[in-house]
S.K.: 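The structure follows.
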Amino acid sequence: MEGITEGVNNININISDSYKKNRIQVSNTKKPLFFYVNLAKRYMQQHDEVELSALGMAIATVVTVAEILKNNGLTVEKKITTSTVDIKDDSRGRPVQKAKIEIVLGKTENFDELMAAAAAEDGENRDVEEQSA
């Protein structure tokens with residue numbers, strides 16, 4: 001019994017590998033596309049890079065989010081990884097393989113300037129809306 005307790009006390013669990021603070025796991029059914037775009041922008045402000053991850057049908061959503069950010073001059077692609085993962089299908093009772101993609105995006109040099117300009121523009125639009133109301 002003493003050996004078991006000692007073994008349990010010596011286990012090191014590395015949480016940072018399984019849970020990254022700058023990872024966004026995208027679903028194609030739960031949230032609208034621009035929710036993920038805006039979330040990625042906020043993560044980029046905090047962390048310098050963001051990892052977008054998706055399985056199966058949500059892959060198209062991840063690629064679209066990455067392209068929107070890239071085409072707006074906010075990010076650059078750092079790494080793209082594709083793989084397959086085994087997911088247990090309860091209806092069939094056996095594992096099913098699903099496609100997985102992970103896209104790591106980094107800030108562009110003028111990311112902060114673009115975000116500041118967008119925030120200023122939003123402020124001007126709010127002032128116009130309040131005056132017309």
Side-chain angles (χ1 to χ4, degrees):
M1 187 69 169
E2 202 171 286
I4 294 172
T5 307
E6 189 176 303
V8 170
N9 289 338
N10 290 334
I11 294 175
N12 279 336
I13 300 173
N14 191 351
I15 295 173
S16 64
D17 288 346
S18 62
Y19 176 76
K20 292 183 178 178
K21 290 184 177 178
N22 62 338
R23 176 184 285 166
I24 300 173
Q25 293 178 315
V26 176
S27 164
N28 64 339
T29 57
K30 292 183 181 170
K31 303 280 184 197
L33 179 72
F34 275 89
F35 169 83
Y36 294 112
V37 172
N38 292 325
L39 185 62
K41 286 178 187 178
R42 275 190 270 145
Y43 276 34
M44 294 288 283
Q45 286 174 322
Q46 294 172 354
H47 302 287
D48 289 347
E49 71 177 29
V50 66
E51 181 180 316
L52 302 170
S53 172
L55 295 175
M57 299 299 284
I59 289 174
T61 305
V62 161
V63 171
T64 304
V65 168
E67 286 298 311
I68 288 169
L69 293 167
K70 212 170 70 172
N71 290 339
N72 288 335
L74 297 169
T75 63
V76 290
E77 292 170 5
K78 285 188 165 185
K79 185 168 85 170
I80 299 175
T81 309
T82 58
S83 60
T84 56
V85 292
D86 288 331
I87 306 257
K88 187 180 175 201
D89 186 0
D90 292 333
S91 63
R92 295 183 188 157
R94 60 187 165 102
V96 176
Q97 283 199 327
K98 284 212 172 200
K100 179 179 183 179
I101 191 166
E102 294 174 332
I103 302 175
V104 178
L105 299 172
K107 282 184 181 181
T108 57
E109 288 180 16
N110 56 347
F111 175 86
D112 293 321
E113 295 164 22
L114 292 170
M115 290 299 288
E121 190 176 299
D122 286 346
E124 288 174 14
N125 290 342
R126 223 174 273 122
D127 291 343
V128 170
E129 287 173 9
E130 288 173 3
Q131 289 173 0
S132 64

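The shown structure was predicted, so the numbers you read here are calculated from the model rather than taken from an experiment.
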S.K.: Quick one: list whatever passes side-chain hydrogen bond (donor to acceptor under 3.5 Å, both in side chains) with Asn110, sequence neighbours left out.
M.R.: Thr108

S.K.: Assigning hydrophobic clusters by single linkage (Ile, Leu, Val, Met, Phe, Trp, Tyr; side-chain heavy-atom cutoff under 4.5 Å), is Val104 placed with Ile80?
M.R.: no

S.K.: For Thr29, check side-chain hydrogen bond (donor to acceptor under 3.5 Å, both in side chains) against everything at least two apart and list the hits.
M.R.: Ser27

S.K.: For Val76, which fellow cluster members are found when Ile, Leu, Val, Met, Phe, Trp and Tyr are connected by side-chain heavy-atom distances below 4.5 angstrom, either directly or through intermediates?
M.R.: none

S.K.: Checking Gln97 now: which residues fulfil side-chain contact (heavy atoms from CB on, under 4.5 Å) with it, not counting sequence neighbours?
M.R.: Thr84, Asp86

S.K.: Can you name the side-chain contact (heavy atoms from CB on, under 4.5 Å) partners of Lys98, sequence neighbours left out?
M.R.: Val85, Ile87

S.K.: Which distance, rounded to the nearest 0.5 Å, do you find between the CD1 of Ile59 and the CD1 of Ile103?
M.R.: 9.0 Å

S.K.: Restricting to side-chain contact (heavy atoms from CB on, under 4.5 Å), what partner residues turn up for Leu33, sequence neighbours left out?
M.R.: Thr61, Thr64, Val65, Ile68

S.K.: Which atoms form the tightest heavy-atom contact between Gln25 and Tyr36, and what is the distance?
M.R.: O-CE2, 4.2 Å

S.K.: Counting only heavy atoms not in Glu109, do more than 12 fall under 6.0 Å of its CD?
M.R.: no

S.K.: Quick one: salt bridge (charged side-chain N to carboxylate O under 4.0 Å, His left out) pairs with a partner in residues 65-83, sequence neighbours left out?
M.R.: Glu49-Lys78, Glu67-Lys70, Lys70-Glu77

S.K.: Please determine whether side chain to side chain contact (heavy atoms under 4.5 Å, CB included) holds for the pair Asn72 and Leu114, giving the CA-CA distance in whole Å, both sets of side-chain angles, and the decisive distance to 0.1 Å.
M.R.: CA-CA 9 Å; Asn72 288 335; Leu114 292 170; over 6 Å; no

S.K.: Heavy-atom distance under 4.5 Å between the side chains of Phe111 and Gln45, does that happen here?
M.R.: yes

S.K.: Going by side-chain hydrogen bond (donor to acceptor under 3.5 Å, both in side chains), name the residues that satisfy it together with Glu102, two or more places apart in sequence or in a different chain.
M.R.: Lys100

S.K.: For side chain to side chain contact (heavy atoms under 4.5 Å, CB included), just list the numbers for Met44 and Thr75, CA-CA rounded to whole Å, side-chain angles, deciding distance to a tenth of an Å, and then say yes or no.
M.R.: CA-CA 9 Å; Met44 294 288 283; Thr75 63; 3.4 Å; yes

S.K.: Can you name the residues that form a side-chain contact (heavy atoms from CB on, under 4.5 Å) with Asp112, not counting sequence neighbours?
M.R.: Lys107

S.K.: Grouping I, L, V, M, F, W and Y whenever their side-chain heavy atoms are under 4.5 Å apart, do Leu55 and Leu52 come out in a common cluster?
M.R.: no

